[in-house]
Undergrad: 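Got a structure here, written out as structure tokens. Questions coming.
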Amino acid sequence: MPQNLQDTINALAKRRGYYWPSYEIYGGQSGYITYGDLGTKLKRNITAQWRRHFTARQNVLEIDAPIINPEIVFQASGHIANFKEHSTQCTQCHRSHRADHLIEDKTPLENVEAMGGDAITRLLREHKIKCPRCGGPLADPTLILTMFQTEIGATGGLTGYARPEAAQSMFINFKRGHQHARERLPFALAQIGKVMRNEISPRRGLARTREFTIMELELFFDPQNPRCPWLHEVEDETVNLLTESMQADGEKTPIETTIRDAVDDGLILTEWNAYYIGVSKRFVTGYGVPPEKQRFRAHLPDERAHYSAQTYDHEVQMSFGWLEVSGHAYRTDYDLKSHQKGAEVDMTVLREDGTRFVPHVVEPSFGLGRQFLAALEHAYERRGKRNILRLPRDLAPIQIQVNPLVTRDSLPEKAREIHATLQEAGYTTQYDQSGSIGRRYARADEIGTPLSITIDYDTQDTQTITIRDRDTWTQVRTPIKELPEKLQGYFSGRLEILDLGEKIERD
RNA sequence: GCGGCCGUGGUCAAGCCUGGCAUGAUUUUGGCCUUCCAAGCCAACGUCCCGGGUUCAAAUCCCGGCGGCCGCACCA
């Protein structure tokens, strides 16, 4: 067996069809993952949950914009300038360093990055800068551009880039969105879509891929009226915060605070960011990560993005360390102003007092693959020889498995009949008659199917079936005619396994 | 991109050092059996990451590539 949890889950994912490395038959290509049937269904359920938490409001509008953007969009946004790195490597100890930072350390120069590649190479040579670690000679820096570049139009001509985040689509469509939101603030634009980042060295499977789905929301508000009218909904939610100043003091243990207190104490700069941090905690808890394994860590000034005034990463404790599952950035009016300048289009909106202003933005941003990974890892349980995925019932790819107890005496026929009924009712189901009943329950457990329905010899006589619960292995007996109502109750979260029928005791 | 370790059926592993019929467990599928938790029996499907070299002979040795993990850097 594999030694660590990640290997175990990767093996399970491959075996059962959650996900696997892409381009396998051609030897593989790092940074790409393909989702299988179960994975696709799980993703769909996670996005459904995300929508429920983040977009189910009248003034949150969802859009679906193109992935390839003309260069001008990213010139205006600042990405072209900020997405280049000049990296240099020590020829002796092979460590990599950022060339511009080395120059800034050794000279009075500032913002060296903006001077361009030739200047950086020249400065590195002129000042005879050595490896800060071992003092060895450094190679000439190489330019790293982590956006995918392409040409728009089959005959070329116009440079285009794949978007590395969905946010710019929301900013460049701000005016349309504002119009559709009937020109009222606050409102938000949200988007679930693919983005691409040409990572230098992607690793750890799903946690970092070159192409992934992002779930992002931009909330626009008036900085003179920064109140979040929905804050009360999450104000009592407790979160673990690791603030900027705590990290500056070397503090590693977060403080537990309510959203309300975090706002009142000034730990979170805007009510809107605080609101979404609260919702984020609920969302992540909802898909199975216990609160004590979550924290919100503030970005230090030097790791913050070029647009951000304050960013909190929502991190989840995984077997391999902390994993960032979402980012909560206060982007101020940086982006709208950038596009106002770039496109020469007025991005201001009207206040009641007749003045105009550019709205401020708060952005919660989620990588779908990372929610997926966090949900899987926290659902995983080893019980004896068995793997169990204790996925929440509203996340499980297959909701119900239907089995005949044995494959004779017309039990399979009856089981298929019930299976068909459930499918017609809209449930995601699986029919299984292969192997012993225990083996089939084990299969259901391993892919995280919460309920198994078994047709046995009592079914014909009493018109009842048994329902087995994945987590407790408890079984209850239920009349077939009550199934629709009971299952509806269970999957809406109203009923638990013992509410579904009469408990069966077995020796 | 650099360095270290690694790559064997669907999955996990032994074999590699010391070249000689690819091995085991498990999974999957079908059958038998079977009145509830991976039972048993029978059968089947399916493998040495890719390319080149050395050799009578390469999973094994050598070279290159690709991929994975870890460290450096990157992760907006």
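Numbers restart at 1 for each chain; the letters A, B, ... are given by sequence-line order, proteins then strands. Bear in mind the structure is a predicted one, so any value in this text is a computation, not a measurement.
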Undergrad: Checking contacts here: which listed nucleotide (B:U11, B:C36, B:C74) is nearest the side-chain heavy atoms of A:Arg208?
TA: B:C74
Undergrad: Taking atom C1' of B:U35 as reference, at what distance in whole Å does atom CG of A:Leu405 sit?
TA: 5 Å
Undergrad: Applying salt bridge (charged side-chain N to carboxylate O under 4.0 Å, His left out), which residue pairs with at least one partner in residues 20-34 of chain A are found, sequence neighbours left out?
TA: none
Undergrad: Please work out which of the three classes, parallel, tilted or perpendicular, describes the rings of A:His328 and A:His314, given edges at 30° and 60°.
TA: tilted
Undergrad: Return no unless some side-chain N or O of A:Lys14 is found under 4.0 Å from OP1 or OP2 of B:G10.
TA: no
Undergrad: Please state whether the base of B:C37 and the side chain of A:Arg506 form at least one donor-acceptor pair under 3.5 Å?
TA: no
Undergrad: Using a heavy-atom cut-off of under 4.0 Å over every strand shown, decide if A:Gly205 touches base, sugar-phosphate, or nothing.
TA: sugar-phosphate
Undergrad: Mind checking the C1' distance from B:G4 to B:C41? Whole angstroms is fine.
TA: 49 Å
Undergrad: When the P atoms of B:A14 and B:C33 are considered, how many whole Å apart are they?
TA: 40 Å
Undergrad: List the residues meeting side-chain contact (heavy atoms from CB on, under 4.5 Å) with A:Asp471, not counting sequence neighbours, and say none if there are none.
TA: A:Arg390, A:Asp469
Undergrad: Compare side-chain N and O positions of A:Ser30 against OP1 and OP2 of B:G68 and report whether any pair is under 4.0 Å apart.
TA: yes
Undergrad: Starting at atom CD1 of A:Ile437, determine the distance to atom P of B:G40, rounded to an integer number of angstrom.
TA: 17 Å
Undergrad: What's the gap between B:A59 and B:C49 when it is taken at their P atoms, as a whole Å value?
TA: 10 Å
Undergrad: Which comes earlier along RNA chain B counting from the 5' end, the contact point of A:Glu324 or that of A:Arg440, where each point is its nearest nucleotide?
TA: A:Arg440
Undergrad: When you check the gap from the basic side-chain N to the acidic O, do A:Glu496 and A:Arg393 get nearer than 4.0 Å?
TA: yes
Undergrad: Are the aromatic ring centres of A:Tyr18 and A:Tyr35 under 6.0 angstrom apart?
TA: no
Undergrad: For A:Ser338 and A:Ser77, which heavy atoms make the closest approach, and how far apart are they?
TA: CB-CA, 4.4 Å
Undergrad: Expressed in angstrom and rounded to an integer, what is the separation of A:Asp409 atom CG from B:C33 atom P?
TA: 11 Å
Undergrad: Is the base of B:C75 touched by the side chain of A:Glu199 through a donor-acceptor pair closer than 3.5 angstrom?
TA: no
Undergrad: Can you tell me the distance, in whole Å, between the CD atom of A:Gln433 and the C1' atom of B:G30?
TA: 11 Å
Undergrad: Starting from P on B:G7, measure out to CG on A:Asn10 and report it in whole angstrom.
TA: 18 Å
Undergrad: Identify, residue by residue, the members of residues 17-29 of chain A with a heavy atom below 4.0 Å from RNA chain B, and return them in order of residue number, or none.
TA: A:Gly27, A:Gly28, A:Gln29
Undergrad: Which nucleotide wins on minimum distance to the side chain of A:Glu446, given the candidates B:A38, B:C75, B:U35?
TA: B:A38
Undergrad: A:Phe366 and ring pair (Phe, Tyr, Trp, His ring centres under 6.0 Å): which partner among A:Phe54, A:Tyr276, A:Phe372, A:Phe212?
TA: A:Phe54
Undergrad: Given the C1' atoms of B:C66 and B:C75, what is the spacing between them in whole Å?
TA: 23 Å
Undergrad: Determine the interatomic distance between P on B:C61 and the same-named atom on B:G15; round to the nearest Å.
TA: 12 Å
Undergrad: Please collect all salt bridge (charged side-chain N to carboxylate O under 4.0 Å, His left out) contacts where either partner lies in residues 159-172 of chain A, sequence neighbours excluded, each pair once.
TA: A:Glu165-A:Arg331
Undergrad: Fit a plane to each ring of A:Tyr287 and A:Phe283, take the angle between them on a 0 to 90° scale, and name the class: parallel (under 30°), tilted (30 to 60°) or perpendicular (over 60°).
TA: perpendicular
Undergrad: So does A:Arg408 get a side-chain nitrogen or oxygen closer than 4.0 Å to the phosphate oxygens (OP1/OP2) of B:U35?
TA: yes
Undergrad: According to ring pair (Phe, Tyr, Trp, His ring centres under 6.0 Å), who are the partners of A:Tyr441, at least two apart in sequence or on a separate chain?
TA: none
Undergrad: Please state how far atom CG in A:Asp7 lies from atom C1' in B:G68, giving the value in whole angstrom units.
TA: 10 Å
Undergrad: A:Thr407 has a side chain; which of B:C36, B:C74, B:C33 sits nearest to it?
TA: B:C33
Undergrad: Please enumerate all residues that pass ring pair (Phe, Tyr, Trp, His ring centres under 6.0 Å) together with A:His79, with sequence neighbours excluded.
TA: A:Phe74, A:Phe83, A:His306
Undergrad: Enumerate donor-acceptor pairs with a distance under 3.5 Å from any side-chain N or O in residues 404-417 of chain A to protein atoms, sequence neighbours excluded.
TA:
unit_1   : atom_1 : unit_2   : atom_2 : d
A:Asp409 : OD2    : A:Tyr457 : OH     : 2.3
A:Lys414 : NZ     : A:Glu417 : OE2    : 3.2

Undergrad: Pairs counted only when both distances fall under 3.5 Å, Watson-Crick or G-U: show me the 5' to 3' dot-bracket for RNA chain B, [ ] for pseudoknotted crossings and | for other-strand partners.
TA: (((((((..((((......[..)))).(((((.......)))))....(((((..]....))))))))))))....
Undergrad: Of the nucleotides B:C75, B:G1, B:U35, which one has an atom closest to the side chain of A:Ser201?
TA: B:G1
Undergrad: Only one of A:Arg297, A:Lys293, A:Gln317 clears side-chain contact (heavy atoms from CB on, under 4.5 Å) with A:Trp322; which?
TA: A:Gln317
Undergrad: What integer number of Å spans the P atoms of B:A22 and B:C50?
TA: 16 Å
Undergrad: Hey, can you pull the residues of residues 453-470 of chain A with a non-hydrogen atom under 4.0 angstrom from RNA chain B?
TA: A:Thr454, A:Asp456, A:Tyr457, A:Thr466, A:Arg468
Undergrad: Over all heavy atoms of both residues, which pair between A:Leu451 and A:Ile467 is shortest? Give the atoms and the distance, please.
TA: CD2-CG2, 3.9 Å
Undergrad: Between B:G71 and B:A57, how many Å separate the two P atoms, rounded to a whole number?
TA: 44 Å
Undergrad: Please give the distance between the C1' atoms of B:A44 and B:C48 as a whole number of Å.
TA: 22 Å
Undergrad: Applying ring pair (Phe, Tyr, Trp, His ring centres under 6.0 Å), name anything that partners A:Tyr427, two or more places apart in sequence or on another chain.
TA: A:Phe491
Undergrad: Give a yes-or-no answer on whether the side chains of A:Gln460 and A:Asp458 include a donor-acceptor pair shorter than 3.5 Å.
TA: no
Undergrad: Could you check whether A:Gly31 gets within reach of a base, just the sugar-phosphate, or nothing at all, counting any heavy atom under 4.0 Å?
TA: sugar-phosphate
Undergrad: How many whole angstroms separate atom CG of A:Asn387 from atom C1' of B:C37?
TA: 15 Å
Undergrad: Look for any protein N or O under 3.5 Å of an N or O in nucleotides 24-28 of chain B and output each such pair with its distance, or none.
TA:
unit_1 : atom_1 : unit_2   : atom_2 : d
B:U27  : OP1    : A:Arg439 : NH1    : 3.0
B:U27  : OP1    : A:Arg439 : NH2    : 3.3
B:U28  : OP1    : A:Arg443 : NE     : 2.5
B:U28  : OP1    : A:Arg443 : NH2    : 3.3
B:U28  : OP2    : A:Arg439 : NH1    : 2.8

Undergrad: Starting from the 5' end of RNA chain B, give me the residue, A:Ser436 or A:Thr146, whose nearest nucleotide shows up first.
TA: A:Ser436
Undergrad: Expressed as a whole number of angstroms, how long is the span from A:Ile214:CD1 to B:C75:C1'?
TA: 12 Å
Undergrad: My understanding is that only residues two or more places apart in sequence, or in another chain, count here; which of them pass ring pair (Phe, Tyr, Trp, His ring centres under 6.0 Å) with A:Tyr330?
TA: A:His360
